[in-house]
Amino acid sequence: MDRETAVRSQNLADAVPFYGEGAPIPESRDLSAKDDTSGFNAVVILLARSWPYISPQVLGRWWMPGVGVEERVAELIRGRGYSFVYMPLLVTILAVLFPYCSIVPITFEYPYNFLFSLILLAVIFSWPLPNLTGRIQTVSLVLVVLSLILANMIAIVLVEGLATKIYTGTLSLVCLLGWFVQIRIVPTGVKFRVRVGSHLIYYYGLEALKGLGVLFIGLVTAEIINQSVLQNEPLMPGLSALLGYPSMSAEALAVLSEAQRMELRWAPIKIELAWFLLLWPLDIFLLYYIIWVFQRINHDLRLALVDQWHKLSLRHHSDHRVGDSIWRIQSDSETVTHVLKVLGELAVMLVNVVVTAALITILSPLLGFIILFTLVPTFLVARWAMPRFRTRSLVQRIANADLTSMVQESFRSIKLTKAYEAGERSQANFEDDSMIAFNAEYRNERLGFRVSVITESYSAVLIFGGVCLMALWSSTSQPTFARELIALAGLSFVVWNLSAYQWTRERYEGAVGLIVEIMRIWGWAQDVAMGLRRVFDILDMEPEVRDKHGAIPFKKFEQEIRFKDVAFAYSPERPVLDGVNLVAAPGTITAIVGPTGSGKSTLVNLLLRLFDPDRGVISIDGKDIRDFSVDSLRKHIAIALQENVLFGMTIRDNIRYAVPDADEAKINEAVRIACLQETLETMPDGLDTMLGDRGGRLSVGQRQRISIARAIIRDTPILLLDEPTASLDADTEHRVLENLREWAENLDSSKRAIFLITHRISTIRRADEILFLESGKVVESGDHQKLMSIESGLYRSFVRAESGDITLD
Ligand SMILES: Nc1ncnc2c1ncn2[C@@H]1O[C@H](COP(=O)(O)OP(=O)(O)OP(=O)(O)O)[C@@H](O)[C@H]1O
Ligand SMILES: [Mg+2]
């Protein structure tokens, strides 16, 4: 970097302010909260709409013996004759068996009252699952899942001993088994299928296991330190065996000796180390795993987008900048990976807030009310902030898309930029757009900070007030509120004392904090939803040209191509074609002639169904081309475009772009017809010469002949040549045309029809039929002789003008 550039880039960096706004966002590219069109419901719907892309990673696919893994995504619950009738039976038996064998106690004291009620609920509602459908099934599914989750939470947190945990765990696993392994009874026996690839279930299952492990380690460590190391109590028998200290079991002795106590100090460290060694690989794996799963979700959505892009009409593409498409595919679609995180965190927090708020209300309704009151300012702030989050997210996304377009366009036009020495101007434009993108992002972040300053302030005040109240009650030993309920909920605070104060304060702060946190996450959800909105906006577009219901495949072209009274406009106020009539037969060359902008390219594009006409009919052998499937029609038409598009691959690959498996003979034939041999001979690697970016290493005439060869190799009955010979010298053009004429004559059983758009008189006069187009109308048609004989004909004056009035016949 020389000094000048260094100073310059330093100045550029200064253009980004440390605080405050940078270059303002121009009004035309800005949105205010008033422009917001997606309310709460719209955001929820947008988030929910990502389900089709997430669901394959949840539902997985079926594996069947002899069939392997199916392509299609598995059903949500059951289907196609497969079910899990065995599951409710198994669950019911196990639910009764454990208490019957006294593995879990038969008691209805807290917390078993809750536990058994939940298990009863799960057992009852497991029955409709494999047997009924519709709403009952959905409701049952939700009830079974929720009650099992809660039962497990109670068993893990509130019940002592391992047996009950195994009890609820086993019941849950059996329910899951029904989801994973399904059977179908057929006359010959029982068939089964297994759900595989439910990656999100695996992932969250492993995460839950890890969470349990952490909890378990915490409990064990606390037990060892509090009871044994500090109070000399021997270890519980199970634990002593597990840790490898059988001699310190409560069964072996009543009090630990000093030496044993000292030895036991090391136990927690050993446990932590063992856990770390086990957890570390698991953690790395989980990190990798979830990225892999999310990337697959993102990949599916990206593919859907690109697929849609191929289907959308050219009208759409010419109205949208490429950078916008790139940004939507690359960046907006990425937000789909955040949907689960957002919804998951919101769900956990909501449950948490409701449960803690309920418990605190039992101790003091006033505190419960303050928690509830937190909702008021939060709601007000959310009402103000959410529309702004949405519009700012959109502005930011649009600004970035514009920046991408700018980069893409300026690199495309690098030759022009250099030729006109417009480098500095182009750089300055880029700087402006970059500043706007920065500012859009900055404003979005700043909104987030503002909101958090406000919410932190009022939540701090509410927390302080609540804590003061609790401190006051505790210092005067005030009675707590609902004593009967307190016992039922497993609490033991009858009056406010130090431990009641500590317990409640922790949860109270948590509840108020969570309400604010929920709002923060919901703010994030707005950004996610806006990304999705830009994605679904595209996915929701109806492609203009698509197969109609019952479209038939196009098979053969035998008699004629006919345009009847065809009208078309890109935008309603400016008709491009108006009442075009033409007929073209196989084995003929039809030349389309006319001043620039008269609609020649548009006419051949209509035949390819890049657009459909607004009025009139284009038919092939008497059938409207809209009756054919688009793919099959295009398979039978080849086109050499006016703007010849080449790719940075070898000449050979460029030629066989549309027919990747074309053999050498075909390629050579195409090369011969397009008169490419001489060019190839001058190249060191012949057909294997690599072309630069977009064919940049070739002359325009060479590029045109490659596009012609590419059209020929498709070997279709209809060939459209849109001025591909304009840059060839007259001699080469004639040779190409003679070759084409010969080629048109001998297709296996029938002949080919060629449409040729050109300005060159010597070429035009050899055509069988000439159409003279002006302002979207065919004003004259016939062969050269006929058109020249029209005294004040437009064609005649066109020819005069083109040939400089020299040769006329
Ligand atoms: N994608 C588009 N969107 C809107 N208008 C378009 C589009 N493409 C072409 N037009 C307009 O339609 C008219 C006909 O364009 P067309 O490309 O068919 O002309 P042409 O006869 O092929 O001209 P040329 O000889 O210069 O190639 C022109 O006025 C042009 O401005
Ligand atoms: Mg054109």
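In listed order, ligands and their atoms are each counted from 1. Keep in mind the model is a prediction, meaning the values are calculated, not measured.
Annotation: atom 6 (C) of ligand 1 to nearest protein heavy atom, Y570 CD1, 3.1 Å. The closest protein non-hydrogen atom to atom 27 (O) of ligand 1 is Q642 NE2, 2.7 Å. Distance from atom 25 (O) of ligand 1 to its nearest protein heavy atom, with residue and atom name: K600 NZ, 2.7 Å. At the shortest separation from atom 1 (N) of ligand 1 among protein heavy atoms lies S318 OG, 3.2 Å. Among protein heavy atoms, the minimum distance from atom 28 (C) of ligand 1 is reached at G597 O, 3.8 Å. The protein heavy atom nearest to atom 15 (O) of ligand 1 is T602 OG1, 3.7 Å.
Using cut-offs of 30° and 60° for the angle between ring planes, the F647 and Y657 rings count as parallel. Relative ring orientation between F536 and Y53 is described as tilted, the plane-to-plane angle lying within the 30° to 60° band.
Within the listing of ligand 1, atoms 17 (O), 18 (O), 20 (P), 22 (O), 27 (O) sit less than 4.0 angstrom from a heavy atom of S601. Using a 4.0 Å cut-off to heavy atoms of R574, the atoms of ligand 1 that qualify are 11 (C), 29 (O), 31 (O). Applying the 4.0 Å criterion to heavy atoms of E723 picks out, from ligand 1, the atoms 25 (O), 27 (O). When each atom of ligand 1 is checked for a heavy atom of V576 under 4.0 Å away, the hits are 12 (O), 13 (C), 14 (C).
Of the residues D332, D324, N444, the one that meets the side-chain hydrogen bond (donor to acceptor under 3.5 Å, both in side chains) test with R397 is D332.
D537 places a side-chain heavy atom less than 4.5 Å from the side chain of R533. Annotation: side chain of L608 is in contact with side chain of R634 (closest heavy-atom distance under 4.5 Å).
With W743 as the aromatic partner, R752 meets the cation-pi criteria of under 6.0 angstrom to the ring centre and within 45 degrees of the ring axis.
Taking backbone and side chain together, S601 holds an N, O or S atom under 2.8 Å from the Mg ion (ligand 2).
Of the candidates V593, L603, L610, T596, the one placing a heavy atom closest to atom 26 (O) of ligand 1 is T596.
By the 4.0 Å N-to-carboxylate-O rule, R29 lies close enough to D402 to be salt-bridged with it. Of the charged side-chain nitrogens involved, at least one lies within less than 4.0 Å of a carboxylate oxygen, so that R672 and E669 count as a salt-bridged pair. Ion pairing between a basic and an acidic side chain is recognised when a charged N comes within 4.0 Å of a carboxylate O; R392 and D527 show no such pairing.
Residue-ligand proximity: G594 is placed with every non-hydrogen atom at 4.0 Å or more from ligand 1.
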